[in-house]
A.B. asks: 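Dropping a structure here in structure tokens format, bear with me for questions.
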There are 2 protein chains.
Amino acid sequence: MAEGGGPGGESLLFLTDEQLRKGIEAMFFAYRGFTADPDRILQEYGYGRAHHRAIHFINRSPGTTVNNLLSILGVTKQSLNRVLRALIEDGLVESVVGTRDKRERHLYLTEAGATLERELSDAQRARMRAAYRQAGPEAVTGFRTVLEAMMDPELHRRFVALKEN
Amino acid sequence: MAEGGGPGGESLLFLTDEQLRKGIEAMFFAYRGFTADPDRILQEYGYGRAHHRAIHFINRSPGTTVNNLLSILGVTKQSLNRVLRALIEDGLVESVVGTRDKRERHLYLTEAGATLERELSDAQRARMRAAYRQAGPEAVTGFRTVLEAMMDPELHRRFVALKEN
DNA sequence: AGTTTAAGTCAGCCTTGTTGACATTCCAAG
DNA sequence: CTTGGAATGTCAACAAGGCTGACTTAAACT
């Protein structure tokens with residue numbers, strides 16, 4: 001399994017089990033930091049990460065359909081429905097019957113929803129910005145490159161599609 | 001909020017809200033990939049991510065105490081206890097009363113536990129290795145730099161301490 | 001007309017987190 | 001030696017947020 005800088009060739013030290021384990025643990029700890037700030041804010045409103053994710057992607061693709069959201073989030077419709085129902089009842093999300101296809105519901109953030117979205121993403125971006133600034137542009141490029149290579153191919157396809165939106 | 005390459009100075013394009021948002025979404029999608037393989041294996045054994053985390057850190061620091069593990073994992077003792085109890089009952093983890101301080105329990109993986117640990121970390125490392133190889137050594141350095149900058153200071157301290165173990 | 005699709009709903013289950021209360025054990029300080 | 005506090009464990013109850021399965025409604029497609 002180990003893959004250290006053997007006699008063979010170019011330094012592949014970055015692929016040793018030890019290096020890989022450090023990367024794995026870094027992902028674990030960093031993800032905790034990544035979600036910490038929004039989690040604190042959400043708690044004040046009685047929401048969880050699931051609500052955050054829904055709000056994020058509705059803000060990002062206003063008018064998206066429920067099915068669309070389902071495939072991006074990778075959860076069941078029952079799970080998403082519970083979250084959406086709360087957000088709609090609380091007046092943060094609006095559900096609009098489709099005009100072309102009346103079976104579809106198009107989702108939009110209300111003013112209140114957009115306000116919460118801004119609060120959440122401001123906090124998360126602040127953390128990200130600090131990390132990016134501290135690490136520098138080259139590190140950021142590498143960061144993004146590795147993250148993209150780590151995604152499931154299907155999710156990466158989706159991610160790339162999102163970018164060009 | 002936006003911070004684009006203003007008139008001021010060196011290109012800070014990598015700090016625009018748009019770039020930050022892409023980074024946030026990349027973290028979200030990449031973390032899914034990161035946990036996907038172990039999750040599949042765990043399901044076969046009727047375990048969840050919480051069990052994986054416990055097994056990982058016990059393997060990494062054999063003989064660690066429960067309190068130690070608690071502060072690394074960041075959960076309550078009740079939560080961890082439920083997980084540990086299952087692992088001990090199933091014969092994957094051994095709990096040894098401390099010799100110096102008999103209140104403490106030192107945790108070790110059994111043979112069976114080490115086997116599962118290997119299966120899990122082989123899968124996770126394979127994903128990591130593929131991503132690292134695809135991205136290249138420089139990207140990996142940047143990846144690690146940004147992740148470390150993203151951690152809470154307290155967690156980063158812990159992470160650094162773990163490395164030199 | 002019949003089938004498929006989008007969405008929603010109800011019921012129930014599991015994992016994994018949380019609090020709070022309480023028992024046990026045992027080190028260490030008075 | 002006694003007592004206070006620390007480390008551990010356990011019980012009970014609860015919540016979020018996943019899941020499956022079954023079923024309805026409405027609209028669209030064929």
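Each chain gets a letter, A, B and so on, in the order its sequence line appears, and its residues count up from 1. If you're wondering where the values come from, they're calculated on a predicted model, not measured in any experiment.
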A.B. asks: Nearest whole angstrom, please: distance from the C1' of D:dT10 to the CG of B:L70.
C.D. replies: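 Going from CG in B:L70 over to C1' in D:dT10 covers 14 Å.
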
A.B. asks: Side chains of A:D90 and A:Y47: any donor to acceptor distance under 3.5 Å?
C.D. replies: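 Looking only at side-chain atoms, A:D90 and A:Y47 do form a donor-acceptor pair, the distance falling under 3.5 Å.
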
A.B. asks: Please state how far atom CG in A:L42 lies from atom C1' in C:dG17, giving the value in whole angstrom units.
C.D. replies: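 Whole-Å distance recorded here is 15 Å.
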
A.B. asks: Side chain of A:T65 only, please: which of C:dG17, C:dA7, D:dG9 is the nearest?
C.D. replies: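 Nucleotide nearest to A:T65's side chain: C:dA7.
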
A.B. asks: More 5' along DNA chain D: B:S95 or A:T99, using each one's nearest nucleotide?
C.D. replies: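 On the 5' side of the pair lies B:S95.
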
A.B. asks: Select one nucleotide: of D:dA28, D:dG18, C:dG8, the one nearest the side-chain heavy atoms of A:K102.
C.D. replies: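 For the A:K102 side chain, the nearest candidate turns out to be D:dA28.
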
A.B. asks: Whether the side chain of A:R103 and the base of D:dA26 hold a donor-acceptor pair under 3.5 Å is what I'd like checked.
C.D. replies: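 A donor-acceptor contact between them is absent.
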
A.B. asks: For B:L80 and for B:K77, locate the closest nucleotide of DNA chain C by heavy-atom distance; then report the residue assigned to the nucleotide nearer the 5' terminus.
C.D. replies: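 Checking each residue's closest nucleotide, the 5'-ward one belongs to B:L80.
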
A.B. asks: What is the separation between atom CD1 on A:I88 and atom C1' on C:dA7, rounded to the nearest whole Å?
C.D. replies: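 Computing the A:I88:CD1 to C:dA7:C1' distance gives 11 Å.
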
A.B. asks: Would you state whether a donor and an acceptor, one from the side chain of A:R82 and one from the base of D:dG18, lie under 3.5 Å apart?
C.D. replies: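 Per atom types, the contact qualifies.
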
A.B. asks: Test for a donor-acceptor pair under 3.5 Å between the base of C:dG12 and the side chain of A:Q78, counting only N and O atoms.
C.D. replies: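 For A:Q78, whose side chain was compared with the base of C:dG12, there is no donor-acceptor pair (under 3.5 Å).
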
A.B. asks: Touch check for A:G46, heavy atoms < 4.0 angstrom, all strands: base, sugar-phosphate only, or nothing?
C.D. replies: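 No contact.
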
A.B. asks: So, OP1 or OP2 of D:dA16: does either fall under 4.0 Å of a side-chain N or O from A:R49?
C.D. replies: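 Negative; the distance criterion is not met.
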
A.B. asks: If I take atom NZ from residue B:K77 and atom CG from residue B:N67, how far apart are they, to the nearest 0.5 angstrom?
C.D. replies: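 So the NZ of B:K77 and the CG of B:N67 are separated by 9.0 Å.
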
A.B. asks: Does a side-chain N or O from A:N81 land closer than 4.0 Å to OP1 or OP2 of C:dT9, or not?
C.D. replies: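 Answer yes for this pair, as a side-chain N or O of A:N81 is under 4.0 Å from OP1 or OP2.
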
A.B. asks: Would you say the side chain of A:R53 and the base of D:dG17 hold a donor-acceptor pair, judged only by whether the two atoms sit under 3.5 Å apart?
C.D. replies: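 Absent.
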
A.B. asks: For D:dT8, take OP1 and OP2 only and decide whether either is under 4.0 Å from a side-chain N or O of B:N67.
C.D. replies: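 Checking D:dT8 against B:N67, a side-chain N or O does come within under 4.0 Å of OP1 or OP2.
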
A.B. asks: In whole Å, I'd like the distance from the CD atom of B:E89 to the C1' atom of D:dG9.
C.D. replies: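 The distance from CD of B:E89 to C1' of D:dG9 comes to 13 Å, rounded to the nearest Å.
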
A.B. asks: What's the spacing between B:T35 OG1 and B:R127 CZ if we round to 0.5 Å?
C.D. replies: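 Output value for this atom pair is 8.5 Å.
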
A.B. asks: Is it true that atom CD of B:Q78 has more than 12 heavy atoms of other residues, nucleotides or ligands lying nearer than 6.0 Å?
C.D. replies: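 More than 12 within 6.0 Å, yes.
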
A.B. asks: Could you state the CG-P distance from B:D39 to C:dC14, rounded to the nearest angstrom?
C.D. replies: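 Going from B:D39 (CG) to C:dC14 (P), I get 19 Å.
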
A.B. asks: D:dA15 C1' sits how many Å from A:Y45 OH, rounded?
C.D. replies: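 Between C1' of D:dA15 and OH of A:Y45: 21 Å.
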
A.B. asks: Between B:T76 and C:dT18, does any side-chain N or O lie under 4.0 Å from OP1 or OP2?
C.D. replies: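 Yes, such a contact exists.
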
A.B. asks: Can a side chain N or O of A:R85 be found less than 4.0 Å away from OP1 or OP2 on C:dT9?
C.D. replies: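 Affirmative; the distance criterion is met.
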
A.B. asks: When rounded to the nearest 0.5 angstrom, what is the spacing between CG in A:L80 and CZ in A:R85?
C.D. replies: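 Here the rounded value is 10.5 Å.
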
A.B. asks: On DNA chain D, check which nucleotide each of B:L84 and A:D101 is closest to and give me the residue with the more 5' one.
C.D. replies: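 It is B:L84, whose closest nucleotide lies nearer the 5' terminus.
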
A.B. asks: Please give, in whole Å, the distance from D:dG18 C1' to B:Y47 OH?
C.D. replies: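 Answer to the nearest Å: 20 Å.
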
A.B. asks: Identify which nucleotide among C:dT18, D:dC19, D:dG9 has an atom closest to any side-chain atom of A:V75, counting heavy atoms from C-beta outward.
C.D. replies: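 Of all the options, the side chain of A:V75 is nearest to D:dC19.
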
A.B. asks: Identify the residue among B:L13, B:D17, B:L12 that makes a side-chain contact (heavy atoms from CB on, under 4.5 Å) with B:L15.
C.D. replies: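 The side-chain contact (heavy atoms from CB on, under 4.5 Å) with B:L15 is passed solely by B:L12 among B:L13, B:D17, B:L12.
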
A.B. asks: What's the CG-P distance between A:L73 and C:dA7, to the nearest Å?
C.D. replies: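 Answer to the nearest Å: 13 Å.
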
A.B. asks: Are B:H51 and C:dT15 close enough that a side-chain N or O sits under 4.0 Å from OP1 or OP2?
C.D. replies: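 Negative; the distance criterion is not met.
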
